Each structure stands twice: as C-alpha cells, then as structure tokens.
2 protein chains.
Amino acid sequence: MALLQCSPVYRPLLRQLVTQQNRSLRSIPSLHAAAPLKSFSTSSPAMTNAKILNAKNMNAQILKAEYAVRGELAIRSEELKNDLVKGVKLPFKRVVSCNIGNPQALDQKPVTFFRQVASLVEYPELLKDENAEAAAKFYASDAIARAKLLLKNIGSVGAYSHSQGIPHIRENVAKFIAERDGYAADPSMIFLTQGASAGVQLTLEMLIENSDVGIMIPIPQYPLYTATLAVLDANPVPYYLDESRGWGLTTQELQRSYDEAAKKGIDTRALVIINPGNPTGQCLTEQNMREVIEFCSKNRVMLLADEVYQTNIYQPKDRPFHSFKKVLKSMGPSYEGFEMISYHSISKGMIGECGRRGGYFECEGLDSAVLEQIYKISSISLCPNVQGQIMVDLMVNPPKKGDPSYAQYKQEYDDIYHSLVKRAAILEDTFNSLEGVTCNSADGAMYLFPQIRLPKKAIEAAKQAGKEADQFYCLAMLESTGVCVVAGSGFGQVEGTAHLRSTFLPQPELFDDFCNGIKKFHADFMDKYRD
Amino acid sequence: MALLQCSPVYRPLLRQLVTQQNRSLRSIPSLHAAAPLKSFSTSSPAMTNAKILNAKNMNAQILKAEYAVRGELAIRSEELKNDLVKGVKLPFKRVVSCNIGNPQALDQKPVTFFRQVASLVEYPELLKDENAEAAAKFYASDAIARAKLLLKNIGSVGAYSHSQGIPHIRENVAKFIAERDGYAADPSMIFLTQGASAGVQLTLEMLIENSDVGIMIPIPQYPLYTATLAVLDANPVPYYLDESRGWGLTTQELQRSYDEAAKKGIDTRALVIINPGNPTGQCLTEQNMREVIEFCSKNRVMLLADEVYQTNIYQPKDRPFHSFKKVLKSMGPSYEGFEMISYHSISKGMIGECGRRGGYFECEGLDSAVLEQIYKISSISLCPNVQGQIMVDLMVNPPKKGDPSYAQYKQEYDDIYHSLVKRAAILEDTFNSLEGVTCNSADGAMYLFPQIRLPKKAIEAAKQAGKEADQFYCLAMLESTGVCVVAGSGFGQVEGTAHLRSTFLPQPELFDDFCNGIKKFHADFMDKYRD
C-alpha cells in the first residue's frame with residue numbers, strides 16, 4: 001500500500017524500511033515474546049475473521065509504520081532472555097541489548113545529585129526542618145535546597161502542572177540556552193515534553209496538512225521520523241549523508257532531494273537534521289550549519305533540529321557541538337523570523353534518564369496562531385509528567401562550582417564521559433578489524449554504524465530466508481552471541497549497502513567479552529558464507 | 001469547516017462544542033496568559049503572512065479540536081492568578097481552580113506509603129542494608145520491601161522499560177482485576193500508559209480508518225473524546241444521557257443514535273462509556289451494563305469503557321461500581337470474543353497522582369494482529385514513564401491488612417473519601433439552593449454538573465458578547481469570585497440548556513467561603529439579568 005501511494009523515487013527506500021519488516025513480521029507467529037504467560041492469539045480462531053476491529057479495517061497508516069529499534073531483533077532478544085532465565089542452554093550467558101540507547105539498563109549509574117532531588121520531591125517529609133539532621137545523612141544540602149525550591153514552584157509532583165510545563169523550569173531552560181549560545185531565549189517559546197519524541201510527533205502532526213506534504217529526513221535516520229510520517233500519511237523526502245566523508249551532508253544533496261520531490265508534486269515543508277547524528281554520530285561544522293539555514297530560507301522549509309545528543313561530544317576540539325539556535329542568531333537580523341524548532345531530551349548525554357520521559361522543544365520564529373495551537377494540543381494531554389520536567393531542570397541547571405555536590409557531580413559526569421569515549425574507540429576498532437567491515441568514528445551520540453560488505457552467499461541465504469541481508473546478519477549475530485543490534489535497513493541506507501547500529505553502552509567490565517564475541521561471530525559467519 | 005464536513009444532524013452539537021470556543025478564541029488577543037514574560041506574538045508582524053507554517057496551511061484537523069477544560073476560562077484564571085501575585089486589587093483573594101480534577105493542586109495530601117516507595121526507588125542508596133537503621137526513621141519497613149521488590153523487577157527507574165509496561169507490574173494489575181471482578185485477567189492483554197488519556201488516543205487512532213468512521217460518545221462527555229475525534233477527522237456519534245433520570249442511559253437512545261448515524265453513511269465502530277460518568281458522575285446498574293453489551297454485540301461495535309473514577313463511589317450500597325469486564329464475563333460463553341478495552345488511571349480515585357501520568361488499559365477479545373499493532377505503536381514512544389508505572393503498581397496493590405503501613409494507608413484513604421462525600425453533598429446543596437438551578441447528585445467521580453436556567457436578558461447579553469450563554473455565565477463567575485469552572489457547552493448538552501462542571505475538590509477549610517462566593521455571585525447575576 002505504501003509503495004502504491006508513494007512516488008517512484010522513494011520506493012527503494014520505503015522498500016528497505018517497510019517490506020523487510022513486513023516479511024519478517026509475517027514469518028513470526030507471535031511478535032509478543034516478552035509476555036511469557038500468553039502470546040497474542042485470540043481464544044476463538046473462528047471469531048478472528050468476524051472481528052469488529054481487524055488488520056483489514058483498522059487505520060491502514062499504522063500498519064505501514066515500522067520501528068526497527070524495538071522490532072524483530074529486540075523481540076527475539078526478549079525471547080532469548082526468557083529462555084536463559086528458564087535455564088535453556090544457549091551459546092551465550094547473557095543477552096546484551098545494544099539496540100537502544102538505554103544506558104541505565106546496562107548499569108550506567110545515575111547522577112547522585114539528580115536522584116537525591118528526585119527522591120526528596122516525592123516525600124516532602126524529608127524537607128521539614130525537624131528532620132534536617134536525619135536527612136543530612138543521605139542528602140546533600142544543595143539537593144535539599146533544590147528540592148525545596150522546586151516544590152515551592154511546583155506544589156506537588158502529583159498534581160497536573162501548566163500544560164506547557166512548569167514556568168520556573170522553563171525559565172531555567174531559557175537561561176541554559178542563553179548561557180550555552182550567548183543569545184537570549186524566551187521561556188514562553190519553550191514547551192516541556194515527555195521526551196524529545198513526543199515533541200517531534202506533535203510538530204509533525206501540526207505540519208502534515210495533507211498527503212502531499214513532504215518532510216526532509218537524513219538517510220540514515222532515527223526511525224521515529226519515518227514511523228511518524230507513515231502514521232500521518234506524509235512523504236519522507238530523503239537526503240543522503242555521505243559515508244565516505246564522515247557522514248557529512250552537502251547543500252547540493254539537500255537541493256537535489258528537494259527538487260526531486262518537487263518534480264513529483266511533493267510539497268516539502270520542513271527539514272529534519274539530527275545533530276549529533278543518529279545512527280551516524282557526526283557533528284556538523286558551523287559553516288555546514290549556516291549553509292543548511294540558508295538552504296531552508298531559500299527553499300522556504302522549516303528547520304527541525306533534533307539535538308538530543310548535544311552533550312555526547314567525543315571530539316570537543318575538532319568537532320564541538322553548535323546549536324542551530326546559536327548559528328541562526330549569529331547570522332544576524334536578515335534571518336529574523338526564520339522558523340525553527342530545536343529538541344532536547346533527558347534520555348541521553350551523561351545522564352541517561354530515559355525511563356523518566358522528559359525533554360523540551362524551543363520554538364523560534366513561529367507564527368503566533370501556530371503557537372496557540374501547539375499549546376492547545378498540549379493541553380489535551382494535560383501536562384508532561386512532573387518528575388520528567390524536574391529532571392529537565394536538573395539537566396539544564398546542575399550543580400555549579402562551589403556547590404557542595406559539585407565535585408561529586410563533576411566526577412560522575414567525567415567518569416561516564418571518559419568511559420563512553422573509551423568504549424566508542426574500542427568498539428570502532430573492533431568493527432574496523434572485521435573482514436569486509438568499515439566503521440566511521442562517532443563524533444557524538446551513542447552509536448556506531450559500521451558498513452558490512454556481505455558475501456554473495458550470505459545475501460542469497462538472506463533472500464531464501466525472506467530477510468534483508470543486514471537483518472539476516474544481525475539475527476545470526478543475536479542467535480550466536482546474544483548481542484542485539486539493529487540492522488541498517490531499519491534506518492535507511494544507500495541501496496545495496498548493509499549496515500548495523502550498535503550502541504557502545506555495554507558495561508566496561510563486560511566490554512572485552514562483548515567485542516571478542518562479535519569478532520568470533522563475524523569470523524565464523526564469513527567462513528560460512530565467504531565467496 | 002467542521003460544519004461543512006459534518007452530517008446535518010450533528011451540526012448543532014458541533015456548533016456548541018466548536019463555534020463557541022472559536023468565537024471566544026478570536027476575541028482574545030493572546031491565549032497564552034500563563035507565561036508572564038511574553039505572549040505569543042511574532043516580533044515581525046510583516047513576516048506573519050509569509051510564515052512557512054501558519055494557521056491556513058497547518059493540519060486543519062488540529063484547528064477543529066477543542067478542549068474546554070484548559071480553554072478560555074482556565075487561561076483567564078491563570079491571568080488572574082498572576083494579577084494577584086502582582087498585587088492587583090481584585091474582588092477575591094484567591095483563584096479556585098474547579099475546572100479540572102487535580103486534587104493535589106488543592107492540597108489533597110498524597111498517600112504516604114506511595115510517596116515513600118516513590119522516594120526510595122529514586123535513590124537506592126536508601127535501600128542498602130548498612131543504611132537500614134537511618135532509613136527506618138523515615139520509611140516504613142513495608143515501603144522499603146516494596147521498593148526493593150520493584151527495583152529487582154525494574155532495574156533503574158531511569159531506564160526505558162518494556163514498551164507494554166514492566167511485566168511484574170502488569171502481573172499485579174492482572175491480579176487486581178481478577179480480585180476485583182472474580183474473573184481471571186491476562187497480563188499480556190494489559191498495556192501500561194501515561195494516563196488513561198494516552199490509551200484512549202491510541203485506541204481511537206487504531207480505529208479511525210477513514211472519515212466515515214463514527215464513535216459513539218455520551219453527551220455530556222469528557223472532551224478528550226471530541227478533541228481526539230476532531231484531530232483524527234472522524235465522526236462523534238452522540239447519545240444523550242437523561243438528566244431527568246439521574247443521567248441514565250437507555251438502549252433505545254443508543255439505538256436511535258446508531259441508526260441515525262447509519263442513515264447518514266457513518267460507519268460506527270465503537271461505543272464510549274464513561275462509568276462513573278464525567279462530567280455527570282452517574283454509576284450504571286449491572287442490568288444497564290448488560291443491555292449496553294448486548295447493544296454492542298447486536299450492532300457490532302467495540303466497547304470502550306473509561307473507568308478511571310471506579311473508586312470514586314459515593315453510594316456504594318445503592319450504586320456500587322461494576323466493571324464492564326466483570327459484567328461481560330458474567331454473561332457467559334456466548335459472549336466469548338466480545339471486543340472491549342477498559343481504561344484506568346492513577347490520576348483519580350483517592351490517590352490523585354495526576355502529574356505522574358500513569359494508567360493502563362485491558363484488552364478483551366481483540367484480534368491478535370491488532371494487538372501486535374498496538375504493541376508496535378507503543379514501541380515508537382519507547383515506554384510509559386517508569387514512576388507512573390510504579391504508581392499503577394501501588395494503586396492496584398496497596399498495603400493489606402497486617403502490613404505495617406496498612407492502618408495509616410486506610411486512615412488516609414478513608415479521610416479523603418469521607419471528605420469528598422461531604423464536600424460533594426455541600427456543593428450539591430449549594431447549587432440546588434440557587435435560583436433556577438438544579439443539580440443531580442454525584443454517584444461517583446469528582447464533579448457536579450448543575451443545570452442553570454438563564455434569564456433571557458443574560459442569554460441576550462451573552463450573544464452580544466459573542467459567547468455561549470453558559471460560557472458567559474462562567475466567565476462572570478470567574479471575574480467576580482475567582483472560581484474557575486468549565487461551561488457545559490465544553491462537554492456537550494441538550495440544545496438550549498446551560499450547565500457548568502465544577503469539581504468539589506477545593507480545600508475543606510475554604511469550602512464554606514467557596515460555596516458562599518457562588519451563592520452571592522449567582523444572586524447578583526440573577527438580580528442583574530432577571531426577566
């Protein structure tokens with residue numbers, strides 16, 4: 001269905017992103033492996049055809065959406081986890097979930113100060129003066145002060161807040177942005193959200209007027225974008241990042257992408273940039289970013305800047321992070337009114353508080369009627385969860401030099417940072433040591449995206465199995481090592497190439513085993529399928 | 001636009017629900033009153049017409065959605081709150097937010113045991129054996145045990161969980177349902193969500209195949225339903241609750257509603273029941289509920305049972321709560337395969353943890369392919385926030401007799417309950433004492449929905465002001481008393497009637513002032529406008 005409705009130029013891309021998953025889905029009797037008590041099967045098979053709500057009459061757009069990060073490989077990895085718990089003998093002792101940027105599931109420690117504040121605001125008894133001495137055993141004085149300040153501005157963490165997010169916290173977000181960029185930010189232009197994903201979905205929902213609308217997305221991209229565009233029945237307009245140039249992007253490629261879409265009658269309205277990139281990890285230069293803004297201005301597309309990995313920066317001298325807000329403001333008053341939304345999240349960086357679901361987006365140059373509609377849509381869901389909002393406050397306003405918790409905060413932050421840098425390098429070397437595999441460095445983010453040059457026999461075997469070649473490879477890796485990654489076809493890639501995305505988050509003490517497992521698997525795989 | 005696309009029979013209803021708000025919206029220069037630093041106005045007026053994203057080319061469905069609960073009245077109440085903070089002299093000392101069921105914003109105390117557990121899981125340092133003695137100063141032993149058990153099954157509250165919700169917690173939800181109903185429940189049929197609202201929106205998104213699809217909704221209803229159907233471009237199919245019969249519903253009315261829709265080519269696929277009702281507070285009898293299930297079965301519509309107020313029950317002998325799941329199962333094997341989803345939330349009941357955004361829905365009789373799609377869509381947002389999931393666990397699995405925290409838990413729970421019963425009665429009497437006002441009792445929920453018979457002069461003045469009559473009345477109430485309610489036109493009502501919805505949540509110590517303020521306002525209003 002997606003293929004029929006989609007312009008021919010995008011069919012190969014959509015085929016990669018959709019058909020592979022559909023074929024994989026059909027070959028699995030039940031997708032729901034993680035509920036050991038019962039799979040999704042109706043108790044009366046005879047009733048199935050008569051179901052009021054069924055796959056033939058449900059919202060067809062939803063059927064088209066695919067999200068490989070928690071797709072077939074992740075589901076299979078859950079089955080294997082359950083098998084291990086049950087004592088089934090497998091070629092590996094543990095499942096290693098490298099499919100998703102979920103640091104605290106792999107034992108990354110949370111920031112102590114943040115968790116102290118989060119703990120205190122739940123239970124204000126701890127903040128009473130008469131309990132100060134006992135509380136001081138567990139809680140730093142600045143954590144106590146912060147909790148008191150937050151509750152003064154919030155009331156209870158159990159109450160619905162302002163639908164746009166607690167004003168006090170939005171003011172702190174604005175201060176953070178101003179300090180980061182050197183240009184003012186306005187709290188009323190900031191919306192707190194349940195993760196950046198929620199902000200992206202809201203934005204795209206606002207933009208998609210009809211099924212002619214196109215949104216430019218990088219290839220490879222984080223599949224939230226293609227999944228959401230599928231649900232909204234809009235056109236992904238792909239622009240290719242150049243693997244041979246460190247996943248760089250050029251305005252020629254942006255223009256080619258835009259122009260081809262226009263020829264097919266697609267009305268491109270926005271450009272998504274993920275910087276630092278996901279899955280590709282590259283950081284854009286300021287010059288590059290100015291060119292992107294000029295491109296948007298010239299072609300009248302809105303800029304959507306996904307900047308959730310802005311503190312995961314591994315080449316801070318050569319490839320530091322620049323926010324699009326800063327670059328825009330630096331381009332002066334002729335860009336006044338330029339329309340842009342920037343997204344940030346508490347899920348990434350060094351803090352990794354994914355399960356809390358918090359983030360924000362900052363609007364720049366938007367129409368006031370549009371802002372009112374954004375507010376209105378936010379109000380229907382009442383508000384983002386308050387603990388998530390609080391973590392945004394902590395993220396943008398952490399302990400400062402001179403604060404009692406500063407030394408510990410800095411130590412914890414730096415330790416995680418250095419550990420990430422180290423593991424990124426080890427895994428990159430591991431991939432580059434594999435036969436037929438090349439892997440670009442990660443300037444930023446949490447992932448490596450190596451290219452695997454698969455032998456013809458493997459590609460043929462994949463076809464026989466009804467899988468994309470890289471999915472076939474990744475499934476084999478999972479079954480023999482317990483390592484769960486995501487196939488490149490889940491993110492989009494140049495036709496005929498194969499990649500995988502792996503985080504470099506497995507625990508430091510298990511990292512050598514993890515890398516050795518990959519090396520052994522790959523050698524065995526190549527022995528089996530080598531031309 | 002909504003009117004043109006909508007069947008004529010629904011135009012009066014839609015007009016009530018949409019046009020009043022649109023008129024109100026146009027008469028306010030800026031809706032965003034709660035960001036004191038800046039309103040939503042673009043800095044370059046000349047740029048406004050040239051905006052890439054504007055009110056004319058954005059997703060038109062969003063423009064049609066209205067959500068009065070946080071609409072004009074709530075926004076104006078925020079302006080007045082800010083005025084009071086700034087020291088502006090107003091006819092009242094405080095704004096009283098009765099527009100939304102948000103108990104902890106009105107000083108309702110959270111359940112101590114729940115907050116202890118929530119505090120502990122944030123900061124596992126407190127759970128270490130060496131800290132047991134110090135922790136025991138603040139935390140009950142069963143709270144500590146529960147926190148340990150939860151973290152054993154979760155890992156970290158900062159990690160993404162299973163997209164369907166933590167398996168351990170879903171097992172506890174299933175146990176709760178089984179104990180409540182006397183019929184088994186299956187954890188794999190349960191999805192944890194960020195509040196019931198998120199579950200409702202997901203369900204409707206699944207159901208709306210095209211713009212011919214209709215969803216039956218009660219009039220009056222909680223406007224999440226109409227707002228979501230507007231965004232999804234589907235048809236609300238209204239069935240009227242009978243105010244003269246305690247807001248009862250009859251199958252004749254359900255059938256009339258369904259048949260009229262069918263005549264207009266509307267393909268009705270589901271029936272929404274809110275039980276206990278919102279805004280109307282009625283509890284259905286078992287007989288009534290069996291008739292509803294029979295109606296659904298006969299007409300092949302899915303049942304969507306919004307049961308978030310199931311513990312707010314004020315006539316437990318005469319009008320106890322029955323879950324639709326229980327009634328369905330009691331109807332025996334001929335109803336095997338009946339399709340239904342039931343929704344619950346942590347926001348209401350006695351616990352009122354709205355700001356945490358937690359809840360679940362239980363699927364019954366759904367097609368397995370549909371369940372896979374529900375899982376897939378859930379996975380795109382990764383997971384519901386973990387603290388919200390934990391509060392679901394606490395709600396369905398609170399302290400039991402014999403547990404150290406039981407006595408305190410029971411005391412707190414009962415205190416809140418009795419206070420709600422008391423305040424509901426006082427406010428009901430207050431409304432019934434007003435000239436031209438009648439108010440049904442609340443069997444359940446948190447609201448009263450009195451009918452106001454407005455004099456002709458008031459209706460005329462409302463017209464002059466470009467407002468619905470009840471909106472005009474409510475705005476006047478807000479400006480003179482500081483009490484913020486929601487006009488009946490925000491929920492839907494029989495044409496020509498006027499209502500308002502008020503919670504009965506204002507603090508007990510302020511309740512007399514609150515009621516007296518309403519009495520005085522109404523008397524003055526009638527003096528001004530009496531025929």
Side-chain angles (χ1 to χ4, degrees), chain A residues 31 34-35 37-38 40-42 44 47 51-55 57-59 62 67 70 102 104-105 110 115 118-119 122-123 134 137 156-160 162-163 186-188 197 206 208-209 227 300 302 336-337 339 353-357 367-373 379-381 385-387, chain B residues 31 34-35 37-38 40-42 44 47 51-55 57-59 62 67 70 102 104-105 110 115 118-119 122-123 134 137 156-160 162-163 186-188 197 206 208-209 227 300 302 336-337 339 353-357 367-373 379-381 385-387:
Chain A
L31 276 190
L37 302 186
K38 185 169 173 177
F40 287 147
S41 57
T42 53
S44 306
M47 289 290 299
K51 287 296 176 188
I52 298 165
L53 178 60
N54 59 68
N57 76 349
M58 60 171 276
N59 179 348
I62 288 184
Y67 184 67
R70 280 208 157 168
N102 194 12
Q104 293 190 24
R115 290 304 192 89
S119 175
E122 286 291 355
Y123 189 34
K137 278 195 166 59
S156 165
V157 300
Y160 292 126
H162 192 288
S163 294
D186 179 350
S188 75
S197 298
M206 294 284 297
I208 309 307
E209 183 191 6
R300 286 184 53 74
M302 214 168 121
E336 184 77 45
E339 291 159 74
E353 292 281 349
C354 316
R356 208 171 290 272
R357 316 313 286 113
D367 183 283
S368 58
V370 166
L371 287 162
E372 286 175 1
Q373 295 300 311
S379 78
I380 297 172
S381 306
N385 82 82
V386 174
Q387 276 282 23
Chain B
L31 275 190
L37 301 184
K38 183 169 173 178
F40 287 147
S41 57
T42 53
S44 307
M47 290 288 299
K51 287 294 174 188
I52 299 165
L53 178 61
N54 58 67
N57 76 350
M58 62 172 275
N59 179 348
I62 289 184
Y67 184 68
R70 280 210 158 166
N102 194 12
Q104 293 189 23
R115 290 305 193 87
S119 175
E122 285 293 354
Y123 190 34
K137 274 194 170 58
S156 166
V157 300
Y160 291 126
H162 191 288
S163 294
D186 178 348
S188 76
S197 298
M206 295 283 298
I208 308 308
E209 182 190 5
R300 285 184 54 75
M302 213 168 121
E336 183 79 43
E339 290 159 73
E353 290 282 349
C354 316
R356 209 171 290 270
R357 315 315 285 111
D367 182 285
S368 58
V370 165
L371 286 162
E372 286 175 1
Q373 295 299 311
S379 79
I380 296 172
S381 305
N385 81 81
V386 174
Q387 277 281 26

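Chain A is the first sequence line, chain B the second, and so forth, proteins listed ahead of strands; every chain is numbered from 1. Predicted model only: the values in this text are computed from it and were never measured. Note that these values count all heavy atoms, side chains included, but never hydrogens, waters or copies made by symmetry.
Between the CG atom of B:Asn385 and the SG atom of A:Cys354 there is a distance of 13.0 Å, given to the nearest 0.5 Å. For the atom pair CG of A:Leu53 and CE of B:Met302, the computed distance is 5.5 Å after rounding to the nearest 0.5 Å. Taken from CD1 in B:Ile62 to CD in A:Gln373, the straight-line distance is 7.5 Å, to the nearest 0.5 Å. For the atom pair CD (A:Gln104) and OG (B:Ser156), the distance works out to 3.5 Å, reported to the nearest 0.5 Å.
In this view, B:Tyr160 satisfies the ring pair (Phe, Tyr, Trp, His ring centres under 6.0 Å) rule with no residue, not counting sequence neighbours.
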Decide side-chain contact (heavy atoms from CB on, under 4.5 Å) for A:Val157 and B:Arg356; before the verdict, give the C-alpha distance in whole Å, the side-chain angles of both, and the deciding distance to 0.1 Å.
CA-CA 7 Å; A:Val157 300; B:Arg356 209 171 290 270; 3.7 Å; yes
Could you walk me through whether A:Arg357 and B:Arg357 satisfy the side-chain contact (heavy atoms from CB on, under 4.5 Å) test, starting with their C-alpha distance in whole Å, then the side-chain angles of each, then the deciding distance to 0.1 Å, before giving a yes or no?
CA-CA 11 Å; A:Arg357 316 313 286 113; B:Arg357 315 315 285 111; over 6 Å; no
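Of the possible donor and acceptor atoms, one in the side chain of A:Lys51 sits under 3.5 Å from a partner among the backbone N and O of B:Gly337.
With chain A as partner, the option from B:Asn59, B:Ile52, B:Val370 having the largest number of non-hydrogen pairs under 4.5 angstrom is B:Ile52. Note: A:Ala118 leads A:Ala118, A:Ala105, A:Ala55 in heavy-atom pairs under 4.5 Å with chain B. Counting heavy-atom pairs closer than 4.5 Å to chain B, the top-ranked of the candidates A:Lys137, A:Glu209, A:Glu353 is A:Glu209.
Of all non-hydrogen atoms in B:Ala227 and A:Ile380, the two that sit nearest each other are CB-CD1, 3.6 Å. Taking every heavy atom of both residues into account, A:Gln387 and B:Glu122 meet most closely at NE2-OE2, 3.6 Å. The shortest heavy-atom contact between A:Tyr67 and B:Ser379 is CE2-O, 3.2 Å.
Looking at B:Ile208, the atoms closer than 4.5 Å to chain A (heavy atoms on both sides) all sit in the backbone: N, CA, C or O.
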